[in-house]
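The chain is numbered in sequence order, starting from 1. In each ligand, atom 1 is the first atom listed, and ligand 1 is the first ligand listed.
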Amino acid sequence: MKTLSITVLVSGGGTNLQAVIDGLADGTITNTKIAGVISNNPGVYALERAAKANIPSFVISPKDYELREDFNLALKEKIDSLGTDLVVLAGFLVRIPEILIDAYENRIVNIHPALIPAFSGKGYYGLLVHEAALKRGVKLSGATVHFVNKDLDAGPIIAQKAVEVLEDDSPKTLQRRIMEQAEWKLLPEAINLIANGKIRVENGKVFIER
Ligand code: GAR
């Protein structure tokens, strides 16, 4: 089977990128290579993680383009030029352009720090997701890895994992527990399943061959 070439898109600390790098090193993810890392923010720690792992990295920021269309095109062109089979959104907090979604149907995965459809969609990203979960008083939250389609956080769900919410949680402690117990496992596992041809999407649902 052909090696899956992935491009990882990041905006911040890059702990999910690190989980993918580690997963490749320890054999949790097979048949896969990281072609490149793209950040919309210069100077973020995710870029250092890429450098330490000898992965080429690029900054493509909407702020550097007068027209959003030009940013969208530059992003797509970079992803294309890396020979990308699968785009991995690992804490990428920029809305994915439709031209990319059209060109990479069921070939873009995202990790979201809640149990979709809870705390998802417009305005729910990063710590805001955990603030909302604590405000609502849910006893369980978690993470979801899913394919990206035109509706925000609403593409076919690949895997989810629930994580307990504790009474004394702050958004930060809850975020950390969800990362440790759910995100850093789900994302590498999903990539591995895709790389090994175990995932099929039919009528908006994901079927996994075990
Ligand atoms: C992660 O919790 C990820 O699930 C979330 O941003 C964080 C990035 O952390 N993504 C979203 O909220 C997307 N809607 P990281 O840079 O350490 O991987």
Asp85/Lys2 under salt bridge (Lys or Arg N to Asp or Glu O under 4.0 Å): CA gap, chis, key distance, verdict
CA-CA 10 Å; Asp85 299 313; Lys2 179 182 177 284; 2.8 Å; yes
Starting from [atom], locate the nearest protein heavy atom and write down its residue, its atom name and how far away it is, to 0.1 Å.
atom                    : answer
atom 6 (O) of ligand 1  : Gly91 CA, 3.8 Å
atom 16 (O) of ligand 1 : Gly14 N, 2.7 Å
atom 14 (N) of ligand 1 : His112 ND1, 3.4 Å
atom 12 (O) of ligand 1 : Gly126 N, 2.8 Å
atom 4 (O) of ligand 1  : Glu183 OE1, 2.8 Å
atom 9 (O) of ligand 1  : Met179 CE, 3.4 Å
atom 10 (N) of ligand 1 : Ile111 O, 3.7 Å

Under 4.0 Å from any heavy atom of [X], which atoms of ligand 1 are there?
X      : result
Tyr124 : 14 (N)
Thr15  : 15 (P), 16 (O), 17 (O), 18 (O)
Pro113 : 2 (O), 4 (O), 5 (C), 10 (N), 11 (C), 12 (O)
Leu93  : 11 (C), 13 (C)

For Ala159, side chain to side chain contact (heavy atoms under 4.5 Å, CB included) partners two or more places apart:
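Partners of Ala159 by the side chain to side chain contact (heavy atoms under 4.5 Å, CB included) criterion, ordered by chain and then number, come out as Val145, Leu186.
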Using the side chain to side chain contact (heavy atoms under 4.5 Å, CB included) criterion, which residues pair with Asp169? Sequence neighbours excluded.
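Expected list: Leu134, Val165, Leu166, Thr173, Leu174, Arg177.
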Polar proximity ligand 1 side, Asn16 side, N/O cut 3.5 Å exclusive:
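Yes, there is a polar N/O contact under 3.5 Å.
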For Thr84 and Ile79, indicate whether the former's side chain and the latter's backbone hold a donor-acceptor pair under 3.5 Å.
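Here the side-chain-to-backbone pair exists.
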Would you confirm whether Asp26, through its side chain, and Thr28, through its main-chain N or O, come within 3.5 Å as a donor-acceptor pair?
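It does hold such a pair.
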If the threshold is 4.0 Å, N to carboxylate O, is there a salt bridge linking Arg200 and Glu202?
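Result for this pair is yes, salt bridge flagged.
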Looking at Arg176 and Glu180, does any basic side-chain N land under 4.0 Å from a carboxylate oxygen?
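Between Glu180 and Arg176 there is a salt bridge, with a charged N closer than 4.0 Å to a carboxylate O.
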Exceeds 12 heavy-atom contacts within 6.0 angstrom, atom CZ of Phe71:
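It does: Phe71 CZ has more than 12 such atoms within range.
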